[in-house]
Amino acid sequence: MDKKFFVTTPIYYVNGEPHVGTAYTTIAADVISRYKRLKGYDVYFLTGTDEHGQKIEETANKAGLTPKELVDKTSPKFKKMWERLNISNTDFIRTTEDRHIKAVNKILKKVNENGDIYKGNYEGLYCVSCENFVPKNQVDKDELCPDCGKKLRTVKEESYFFKMSKYQDQLLKHIEENPNFIQPEYRKNEIVSFIKQGLTDLSISRNTFKWGIPLEIDNGHVIYVWFDALTNYITAVGYENDSEKFDKYWNNSEVLHIIGKDIIRFHAIIWPTMLMSAGIKVPDKIVAHGWWTSEGEKMSKSKNNVVDPEKEIEKYGLDAFRYFMLREVNFGVDGDYSQQGIVNRINYDLANDLGNLLNRTIGMVKKYFNGIVIEGEGEDNFDKEIKALYSQTLVEVDDYMNKLQFSKALESIWKFISRMNKYIDETAPWTLAKDESKKSRLAVVMYNLVESLYKISVLISPFMPETSIKMLNQLGLNEKIDNLSIEKIENWGNIPYNIKLAEPNPIFPRIELEVKEEEIIEEEQNFISIDDFSKVKIVVAEILQADNVDGADKLLKFRVSIGKKERTVLSGIAKYYKPQELIGKKVLFVSNLKPVKLRGILSEGMLLTTVTKKSIRLIEIDKSIENGTEVK
Ligand code: MSP
């Protein structure tokens with residue numbers, strides 16, 4: 001394999017345990033690693049733990065442990081969590097390992113030999129939580145960290161400095177000449193304007209605490225934790241002692257760092273300037289993702305709302321969790337982790353769209369051909385259409401994956417899944433089955449369905465590896481994850497005739513979630529664009545019937561007319577109205593909301609209401625306006 005790919009996650013601080021935020025970066029890196037393997041790349045995938053520094057030392061002190069005891073206790077929890085999440089990393093690095101300490105000493109020596117280290121005094125503010133020196137002009141009189149909001153400390157100590165300012169122009173030039181170096185674009189722009197304000201030199205040693213790598217040239221100092229931590233990326237690929245490996249995975253590889261938006265300055269400024277000084281190639285790409293909130297709020301231990309991946313996996317299953325995280329938000333922007341959000345994704349995308357396509361297909365092949373995929377003849381327009389869409393899907397997916405636009409890649413795959421569900425309706429196999437002369441056509445339709453499912457299994461395998469294997473097994477294909485490849489699914493017609501499908505078995509059962517009243521009346525705080533708004537279809541509806549719902553004292557059930565069609569809808573307004581008084585009223589109705597089941601009843605839209613703390617009122621419309629009239 002001559003195509004090499006080296007991908008890294010940040011190394012995680014071991015003062016806390018893994019959570020949904022750290023899981024997110026790691027899953028993203030796993031997905032791109034698996035995709036690159038499907039594309040035939042030799043992949044080195046690195047993750048690990050960041051174990052030195054003042055924060056770790058203080059956390060250990062508070063816990064009554066030595067720093068070494070703390071890091072040895074917590075680091076394995078990350079390793080275990082990544083195993084649980086089915087992460088396919090090649091290496092797991094710990095910054096307390098000997099190989100790393102040697103590599104840090106080596107790069108520092110190089111930087112020093114290059115004349116880029118000098119001794120001075122640091123006097124200024126420091127955030128222990130971010131392990132960051134914060135310039136005075138970035139804070140007000142309260143002296144809180146502009147990034148995490150915690151109280152800053154005043155530090156005054158002797159320190160060694162790295163001449164970072166010397167590399168300002170070289171770095172700017174590099175960013176300009178390599179437009180993909182920092183992504184997304186808006187983050188790049190932030191970095192560029194930050195650099196243009198003028199880089200200062202960086203304090204790279206501390207001498208007021210002990211937990212760090214001692215500076216070789218002055219043992220009274222330990223190396224600044226970020227200088228130490230960033231070096232992990234080259235330690236792992238043999239910078240210190242394995243030049244062959246280093247050539248392979250650093251010098252001659254596509255190098256990608258995936259990080260969170262909060263640590264972009266360290267990666268896009270400190271790291272490349274360190275490398276420039278040491279005469280080492282800089283990485284190809286640094287991609288920063290957004291942050292997750294939990295049910296609309298910032299996650300924090302004090303609010304007790306930190307999402308624990310372990311609990312989510314227990315509730316929803318591993319692959320549903322992986323899928324949700326990468327589908328729910330575009331990589332780069334912030335996202336919200338909500339129970340309703342993951343349940344909707346499971347019910348609509350996984351159970352409905354994907355699960356149904358698999359079940360319906362296997363069910364039909366069983367019914368019409370005893371579970372065997374037989375050869376038929378001919379190709380009609382529907383067949384041509386799905387094949388054309390498939391070719392387009394492959395191109396789109398590849399393009400999005402290369403840009404780490406995971407959500408868009410999944411959207412593309414799901415467009416194809418929906419198209420295949422539609423193909424079943426268009427070709428109507430149940431009608432073909434009634435006519436003996438259409439048997440060959442029926443066989444072609446079945447073949448195309450099984451073929452599409454094979455391709456879908458491969459395309460989703462980076463995101464949902466276990467599901468992919470389950471699907472392939474149900475299709476009678478005993479493939480191993482390591483044998484799958486994009487090359488093998490490029491053309492139509494890969495699966496052999498006469499394979500026998502296994503028993504259908506639902507891969508994602510639907511999930512019901514109780515809706516709490518607070519959720520119904522929750523206020524929207526985020527701005528939306530006009531395009532978002534125009535997606536909502538609001539029409540005039542006439543209430544034909546209104547009833548109470550057994551066992552749900554807040555809900556009323558309605559039958560409404562929206563012109564030519566009628567709909568059933570539930571609304572949490574039982575406290576404010578008697579059902580009879582509503583019949584005949586004309587109200588506003590959202591008609592394109594995805595149906596949801598509440599209390600076993602399918603609610604197919606939403607009645608618009610005004611909401612105050614005291615009351616909820618329907619918005620009534622003049623009775624002369626026709627049912628179904630659109631509101632814009
Ligand atoms: N140790 C440093 C990284 C050194 S890399 C050379 C560090 N560690 S961390 O454990 O605090 O954070 C690791 C990553 O987790 C960061 O990329 C950060 O953005 C990410 N996240 C932490 N909380 C998060 C969310 N709530 N949402 C998404 N990602 C979040 O920084």
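Numbering starts at 1 and runs along the sequence shown. From a predicted model like this one, the values you see are computed outputs, not experimental measurements.
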Closer than 4.0 angstrom, basic N to acidic O: yes or no for Asp116 and Lys166?
yes

Let me see the working for Val222 and Trp211 under side-chain contact (heavy atoms from CB on, under 4.5 Å), right down to the final yes or no.
CA-CA 7 Å; Val222 292; Trp211 186 239; over 6 Å; no

Kindly give the heavy-atom pair with the smallest separation between Ser159 and Ser205, and that separation in Å.
OG-O, 3.0 Å

Run the side chain to side chain donor-acceptor pair (under 3.5 Å) test on Asp398 and Tyr35 for me, step by step, so that the C-alpha distance in whole Å, both residues' side-chain angles and the decisive distance to 0.1 Å come before the verdict.
CA-CA 9 Å; Asp398 194 51; Tyr35 182 74; 2.6 Å; yes

Are Asp147 and Lys150 within salt-bridge range, i.e. N to O under 4.0 Å?
no

Lys408 versus Asn330: any side-chain heavy-atom pair under 4.5 Å?
yes

Under-4.0 Å salt bridge between Lys248 and Asp42
yes

Which is it for Lys188 and Gln183 under the side-chain contact (heavy atoms from CB on, under 4.5 Å) test, yes or no, and what are the steps along the way?
CA-CA 6 Å; Lys188 173 176 94 180; Gln183 288 174 25; over 6 Å; no

Could you check Thr293 against Asp336 for side chain to side chain donor-acceptor pair (under 3.5 Å), going step by step and ending with a plain yes or no?
CA-CA 5 Å; Thr293 49; Asp336 184 42; 2.8 Å; yes

Report the C-alpha separation of Tyr12 and Trp82 in whole Å, then their side-chain angles, then the decisive distance to 0.1 Å, and conclude whether the ring pair (Phe, Tyr, Trp, His ring centres under 6.0 Å) test is met.
CA-CA 12 Å; Tyr12 304 109; Trp82 304 156; 5.6 Å; yes

With a 4.0 Å cut-off on N to O distance, would you call Arg187 and Glu190 a salt bridge?
yes

Any salt bridge between Arg84 and Glu310, counting N to O under 4.0 Å?
yes

Answer whether the closest heavy-atom distance between the side chains of Tyr233 and Pro283 falls below 4.5 Å.
no

cation_pi(Lys285, Phe181) dist<6.0 Å, angle<=45
no

Run the ring pair (Phe, Tyr, Trp, His ring centres under 6.0 Å) test on Phe133 and Tyr122 for me, step by step, so that the C-alpha distance in whole Å, both residues' side-chain angles and the decisive distance to 0.1 Å come before the verdict.
CA-CA 10 Å; Phe133 298 96; Tyr122 180 79; 4.6 Å; yes

Output yes when Asp169 and Lys173 qualify as a salt bridge under the 4.0 Å nitrogen-oxygen rule, no when they do not.
no

Scan side-chain atoms only and decide if Asp228 and His100 contain a donor-acceptor pair under the 3.5 Å cut-off.
yes

Closer than 4.0 angstrom, basic N to acidic O: yes or no for Asp30 and Arg322?
yes

Correct closest heavy-atom pair for Met299 and Val307 would be SD-N, 3.5 Å

Please determine whether ring pair (Phe, Tyr, Trp, His ring centres under 6.0 Å) holds for the pair Phe6 and Tyr249, giving the CA-CA distance in whole Å, both sets of side-chain angles, and the decisive distance to 0.1 Å.
CA-CA 6 Å; Phe6 178 33; Tyr249 291 113; 7.1 Å; no

Distance from Glu295 atom CD to Ser338 atom OG, nearest 0.5 Å?
5.0 Å

Quick one, Tyr239 with Lys245, criterion side chain to side chain donor-acceptor pair (under 3.5 Å). Give me CA distance, side-chain angles, the key distance, then yes/no.
CA-CA 8 Å; Tyr239 169 64; Lys245 187 175 179 186; over 6 Å; no

Whether the His52 and Thr96 side chains hold a donor-acceptor pair (N or O, under 3.5 Å, no angle test) is what I'd like checked.
no

Electrostatic pair Glu58:Arg153 at N-O distance under 4.0 angstrom:
yes

Of all the heavy-atom pairs spanning Thr95 and Glu51, show the shortest one and how long it is.
OG1-N, 2.8 Å

Has the side chain of Glu69 got a donor or acceptor atom that lies under 3.5 Å from a matching backbone atom of Thr66?
yes

Residues Leu108, Ile117; criterion side-chain contact (heavy atoms from CB on, under 4.5 Å); working and verdict:
CA-CA 9 Å; Leu108 199 67; Ile117 303 279; 4.1 Å; yes

Phe324 vs Trp292 aromatic rings, parallel, tilted or perpendicular, using cut-offs 30° and 60°?
tilted

CG/Asn207 to NE2/His221 distance, rounded to the nearest 0.5 angstrom?
4.5 Å

Do the side-chain N and O atoms of Tyr118 and Asp201 include a donor-acceptor pair separated by under 3.5 angstrom?
yes

Indicate yes or no for a side-chain donor-acceptor contact from Thr74 to the backbone of Val71 under 3.5 Å, with no hydrogens or angles considered.
no

Under a plain distance cut-off of 3.5 Å, with no hydrogens placed, do Trp414 and Asp349 share a side-chain donor-acceptor pair?
no

If only atom types and distance count, is the side chain of Ser165 paired as donor or acceptor with the main-chain N or O of Thr200 below 3.5 Å?
no

Quick one: do Met274 and Ile107 satisfy side-chain contact (heavy atoms from CB on, under 4.5 Å)? Show the steps, please.
CA-CA 8 Å; Met274 278 168 67; Ile107 188 171; 4.2 Å; yes

Distance alone, cut at 3.5 Å: any donor-acceptor contact between the side chains of Asn232 and Arg99?
no

If you take all heavy atoms of Phe321 and Glu312, which pair is closest and at what distance?
CD1-CB, 3.8 Å

Could Glu158 and Lys119 be called an ion pair, given the rule that one side-chain N must be under 4.0 Å from one carboxylate O?
yes

Would you please say whether a donor-acceptor pair under 3.5 Å links the side chains of Arg37 and Ser88?
yes

Do Val306 and Ser294 come close enough that some side-chain heavy atom pair is under 4.5 Å?
no

Does Lys4 qualify as a cation-pi partner of Tyr41, given the criterion of NZ or CZ under 6.0 Å from the six-membered ring centre and within 45 degrees of its axis?
no

Candidates Trp226, Tyr224, Tyr126 - the one meeting side-chain hydrogen bond (donor to acceptor under 3.5 Å, both in side chains) with Glu131
Tyr126

Shortest non-hydrogen contact from Val255 toward Asp284
N-OD2, 2.6 Å

Lys106/Glu240 under salt bridge (Lys or Arg N to Asp or Glu O under 4.0 Å): CA gap, chis, key distance, verdict:
CA-CA 7 Å; Lys106 179 169 169 180; Glu240 201 271 325; 6.0 Å; no

So that I can tick it off, tell me whether Lys151 and Asp142 are bridged by a salt bridge, with the cut-off set at under 4.0 angstrom between side-chain N and carboxylate O.
no

Calculate, to the nearest 0.5 Å, the distance between atoms CD1 and OG1 belonging to Ile258 and Thr26 respectively.
9.5 Å

So, the side chain of Thr273 versus the backbone of Ile270: is there a donor-acceptor pair under 3.5 Å, distance only?
yes

If you count every heavy atom of other residues, nucleotides or ligands that lies below 6.0 Å from Lys303 atom NZ, does the total exceed 12?
yes

If you count the non-hydrogen atoms of other residues, nucleotides and ligands that lie under 6.0 Å from CD in Glu487, is the total more than 12?
no

Report the C-alpha separation of Glu396 and Lys415 in whole Å, then their side-chain angles, then the decisive distance to 0.1 Å, and conclude whether the salt bridge (Lys or Arg N to Asp or Glu O under 4.0 Å) test is met.
CA-CA 11 Å; Glu396 271 180 28; Lys415 218 164 57 189; 3.5 Å; yes

Taking side chain as C-beta onward, heavy atoms only, is Lys36 less than 4.5 Å from Val7?
no

Taking all non-hydrogen atoms of both residues, which atom of Asn15 and which atom of Ile56 are closest, and how far apart?
N-CD1, 3.7 Å

Presence of salt bridge, Arg94 and Asp50, under 4.0 angstrom
no

